[in-house]
Amino acid sequence: MTDDHQQDQDWSSLSGVWQEAHAEQSLEMEKLTAAVNRKTWQMRLMFGFEILTVLMAIGVACYMLSQDYTPLEFYVAIALIPFSLWAGWYGWDLRRNIWRAEGDSVMDQVDLSLKRAKASIRYAKMNLWATPPMLAFIITMYLFRREEFDTLSVAAVDRIEKITIFGVVMILATAVWAVWYLGHHKKNADYWQSVKAEMERNSHEEE
Amino acid sequence: MAPQLEHIISEYGPMLSRIAASYEYDADLQKDLLQETALAIWQGLKAFEGRASIKTYVARIAHYQGVNHVRKSAQRPKTAPLDEDMTGDQGDRAEKNLMQNRLMQAVRQLPLPLRQVATLALEGFEAREIAEALGISANNAAVRLNRAKAALKEELHDDG
C-alpha cells in the first residue's frame, strides 16, 4: 500500500468521524425554525417602525410649515424632509446590500465587512467635523434673532429659546454618539483587517 | 419560514452545527451562532442565483458567520475540557465521542485559513468547491488543505 493511499484512507476515516459528530443536533431544528421565524418578525417590525418614523418626521415638518414659523423653524422643517427620506432609504439600502452579500465567498464578505467598517468610521468623523459648524450656525441664528426679542411676544421668545436649546442638546448628543460609534467601528475595522491580512498572507505565501 | 430554508436546515443542519462548533466551543453560544447562520441563510436565499451549489452557498455563509461571531464575542476559539457526556459513556460510543471531541479540538487549534479549509474538506468538499466557498484559487486551496492535513495529523498524534 502506498503512502498516498494510506493518507487517503486516514483522511477518509477522519472525515467519517467528523461527519458523525453533531448529527443528532438536527433534531433541534424545530427550535431553530421558531427562532428564525421570531427574528423574521422582529425585522419586519423594525422595518415598519423605520417607515413610521420617516412618515412621522415628514408629518412634523409639514405641520411646522403649516403654522406661523420663524426662519429657524422654516430651515429645520425644510431640512427634515429630505433628511428623513435619505435616512429611510439609507437603512433600507444597507440591509438590502447585506442580504445580497450573504452568499458571496468568505473572502469577499470579509472584504465587504472591512469596507463597511471604514465607511462607518468616515460617517462618524463626518458627524464630528459637522458638530462645530452646526453649533456655530444654531448659536448665530439665536444671537441674530435675539436682537428682535424686544419686538416679539414672550411666547415667541420662549419658543426660540426652547428650539435653540433643543438643537444644541441634539447636536451634542449626536457628537457623543459619534465618538462611541467611531471607537466601535475602529475596533471592527481592526478585526476585519487582521482577518483579511491573515487570509491574504497565507494566499500570497502559497501562490 | 420558507420551505426551501426548512429543507436546507434539515439537510445541512449537522454540517452547520459542526462548522459553528469549529468557531465556538461553548454549546449555548454554538446554538446562538447556528441561529444567526440560519437567519443569514434565509436572508441570502433571496439573492441566491444558483451559481454555486446550495451546499457551497450555505458553507460560505456559515464560515463568514463564524468569523463574525468571533468578532462579536471578542474571543478566539478556546480549548475546552472534554464534555462529561462524551467521556462518561461506555464502550464504542464513548470511544467514538472521544475521537470526535479530539478531532474538533484539533480543528479549533488550526489557524483560521487552515481551519476553514479543513472543516470544508472534512465535510467532503473538493478542492475546487473549497476555493469557490472561500474566494481563493484552487491551487491555494489544495496547498492549504495539505498543510491542514499535516497539522491535524500532528495535533492528533501529539494528543494520542
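Predicted, not measured: the structure shown is a model, and the values here were computed from it. What you see below is based on every heavy atom in this structure, not just the backbone, and it leaves out hydrogens, waters and symmetry mates. Chain A is the first sequence line, chain B the second, and so forth, proteins listed ahead of strands; every chain is numbered from 1.
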Within-4.5 Å side-chain heavy-atom neighbours: Q30(B) and D26(B): no
Donor-acceptor contact present, side-chain S84(A) to main-chain V54(A), <3.5 Å: no
Point-to-point distance, once rounded to the nearest 0.5 Å, from CG of D111(A) to CZ of R116(A): 11.0 Å
Aromatic contact, W192(A) with Y64(B) (centres under 6.0 Å): yes
Under 4.5 Å from any heavy atom of chain A - which part of L152(B): side chain
Contacting moiety of T119(B), where chain A heavy atoms sit under 4.5 Å: both
Over 12 non-hydrogen atoms of neighbours within 6.0 angstrom of CE in M134(A): no
Contacting moiety of E11(B), where chain A heavy atoms sit under 4.5 Å: neither
Which atoms of A121(B) approach chain A - backbone, side chain, both or neither, heavy atom under 4.5 Å: both
Contact leader toward chain A among K153(B), E123(B), M99(B), H63(B), where contacts are heavy-atom pairs under 4.5 Å: E123(B)
Atom group of V107(B) that falls short of 4.5 Å from chain A, counting heavy atoms: side chain
